[in-house]
Amino acid sequence: MPELPEVEVVKKSLKNKIIDLSFRKVLINTNKLRYTINKDLNKIITNKKILSIDRRSKYILINLEKNITILTHLGMTGKFFLVDKKKIHSKTSFYYKISNRDKKHNHVIFFLNNDTKLIYNDIRKFGFIKIISTKDISKNKHLETLGPEPLSKKFNLGYFEKKASNKKKNLKNILMDQSFVAGLGNIYVNEILHLSSLNPYKSIKKLDIKDVKKIIYFTKKILKKSILEGGSSIKNFNNSDGKDGVFQQQFKVYGRNNKKCTKNYCKGIIKKSIISNRSTFYCIRCQK
DNA sequence: TTCTTTGTTCCGGA
DNA sequence: GTCCGGAACAAAGA
């Protein structure tokens, strides 16, 4: 599923391809996503130019002329495909196949004014597309409660101590808390705690400064690394037209139930448990 | 049939 | 009153 690095890569890819273009029309095949799509979407964005594209947490914001912003979230299985009509030469061509992949889940098709179309495909329909007013972004209910971006300077030792030290939560839950730090999903929280050699059940109150420094360091490190790898995997794919933004990652702990710990010096076993309804993987030996 | 996934909301207990 | 964790919900596929 798309995690923060994938969303960042999708944002960058869209930025390179669709800025300064305008929408010619929008076709809604299915309006029942996480939220019902505004039935006037076509009317609202047709002939509007795309000015800029931002990411906040795992949300993508496409800012248009006239104070219009498309706020979108990919949920679990959302993807954007950018399909260039000029490159589809035959039904056996790569671009044709891409544009017809999982076609029944192509819920929204945005036609752009350069003969390309941006397809929103979402198997599980947990994502959404909303229209909001650009000037009200900071007041939006999805965005206003979010904590700092994990890659920003605001997410630092001082912030962690100030915001978390009086809480009773365990480590896993505080890192999953979107109002504490925005955009870390289940997979990355598992990976960060493994890299930090810290147990997901450990109470925040029992952390020392060294632990907190490790968490912050590894959070930034793994996100940056994944963004770079995602960027290069798209590059190696030789186009961003068909790339769905979800790239195969090498996870060190997530999904490795009953397998050996991936750290060279550790011969522990990775165990799976459930914390707040989310699958949690950790090494019973090195994560203390 | 059951399990999985995310973000959000609701609820009961501390 | 507030904080916390667990349950439920949406959809579809394995």
Side-chain angles (χ1 to χ4, degrees), chain A residues 1-8 10-11 28-37 55-61 71-80 101-108 120-130 132 137 139-150 160 162-193 199-207 223 226 244-249 251 253-258 270-282:
Chain A
M1 72 238 64
E3 293 271 346
L4 189 147
E6 284 93 329
V7 178
E8 176 64 18
V10 170
K11 181 210 79 180
I28 301 176
N29 293 324
T30 319
N31 65 4
K32 291 261 184 276
L33 298 181
R34 175 75 195 261
Y35 306 108
T36 303
I37 298 175
R55 176 189 62 75
R56 176 78 172 101
S57 184
K58 287 188 262 187
Y59 300 88
I60 294 173
L61 298 102
L71 175 66
T72 170
H73 193 287
L74 301 174
M76 291 170 53
T77 54
K79 301 170 179 73
F80 278 111
R101 188 162 75 181
D102 294 323
K103 202 175 179 178
K104 66 170 176 170
H105 303 300
N106 287 349
H107 305 308
V108 185
Y120 180 72
N121 176 295
D122 189 348
I123 296 171
R124 295 226 171 51
K125 297 184 188 166
F126 276 21
F128 68 79
I129 296 170
K130 280 186 175 183
I132 63 174
I137 283 174
K139 284 180 273 174
N140 180 270
K141 71 160 187 165
H142 298 285
L143 307 176
E144 70 169 353
T145 53
L146 293 175
E149 286 289 318
F160 201 110
K162 189 180 160 204
K163 194 77 193 288
S165 57
N166 56 346
K167 300 223 191 270
K168 288 175 186 161
K169 290 188 176 186
N170 64 38
L171 265 180
K172 178 94 190 290
N173 280 330
I174 193 77
L175 293 177
M176 292 289 285
D177 182 346
Q178 301 299 303
S179 70
F180 177 68
V181 58
L184 298 183
N186 192 40
I187 293 175
Y188 278 92
V189 170
N190 276 290
E191 295 297 312
I192 290 161
L193 292 176
N199 189 291
Y201 288 95
K202 186 162 185 163
S203 162
I204 298 165
K205 294 210 182 289
K206 292 191 174 165
L207 294 178
L223 292 177
S226 295
D244 56 17
V246 178
F247 38 96
Q248 204 46 53
Q249 310 259 350
F251 297 123
V253 70
Y254 185 82
R256 294 183 56 81
N257 191 24
N258 292 327
I270 290 163
K271 193 185 157 186
K272 178 185 176 178
S273 67
I274 304 289
I275 296 179
S276 295
N277 267 354
R278 296 287 178 260
S279 297
T280 304
F281 300 88
Y282 61 100

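Chain identifiers are assigned alphabetically (A, B, ...) following the order of the sequence lines, protein sequences preceding nucleic acid strands; residue numbering begins at 1 within each chain.
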- Message: Taking 4.0 Å as the cut-off, does a side-chain nitrogen or oxygen of A/T77 come that near to OP1 or OP2 on B/dT5?
- Response: no
- Ignoring backbone atoms, test whether A/K272 places a side-chain nitrogen or oxygen under 4.0 Å from the OP1 or OP2 oxygen of B/dT4. yes
- Note on the structure: Which of C/dG6, C/dA12, C/dA7 is nearest the side chain of A/S276? It is C/dG6
- Message: Under 4.0 Å, heavy atoms only, any strand: does A/D177 hit a base, just the sugar-phosphate, or nothing?
- Response: nothing
- Task: Just call it for A/Y254: base, sugar-phosphate, or nothing, with non-hydrogen atoms closer than 4.0 Å on any strand.
- Result: sugar-phosphate
- Query: Can you find an N or O donor on one side and an acceptor on the other, under 3.5 Å apart, linking the side chain of A/R278 with the base of C/dG6?
  - Reply: no
- Item | A/H105 side chain near C/dG13 phosphate (N/O to OP1/OP2, under 4.0 Å) | yes
- Could you check whether A/Y59 gets within reach of a base, just the sugar-phosphate, or nothing at all, counting any heavy atom under 4.0 Å? sugar-phosphate
- Task: Give A/K58 one of three labels, base, sugar-phosphate or nothing, depending on what nucleic acid heavy atoms sit under 4.0 Å from its own.
- Result: sugar-phosphate
- Message: Can you confirm if the aromatic rings of A/F180 and A/F160 lie within a centre distance of less than 6.0 Å?
- Response: yes
- Message: Pair A/T77, A/D122 - check side chain to side chain donor-acceptor pair (under 3.5 Å), show working.
- Response: CA-CA 5 Å; A/T77 54; A/D122 189 348; 2.6 Å; yes
- Does atom NZ of A/K205 have more than 12 heavy-atom neighbours, drawn from other residues, nucleotides or ligands, at distances under 6.0 Å? yes
- Of A/L146 and A/M76, the one whose nearest nucleotide on DNA chain B sits closer to the 5' end is A/M76
- Query: If you count the non-hydrogen atoms of other residues, nucleotides and ligands that lie under 6.0 Å from NZ in A/K202, is the total more than 12?
  - Reply: yes
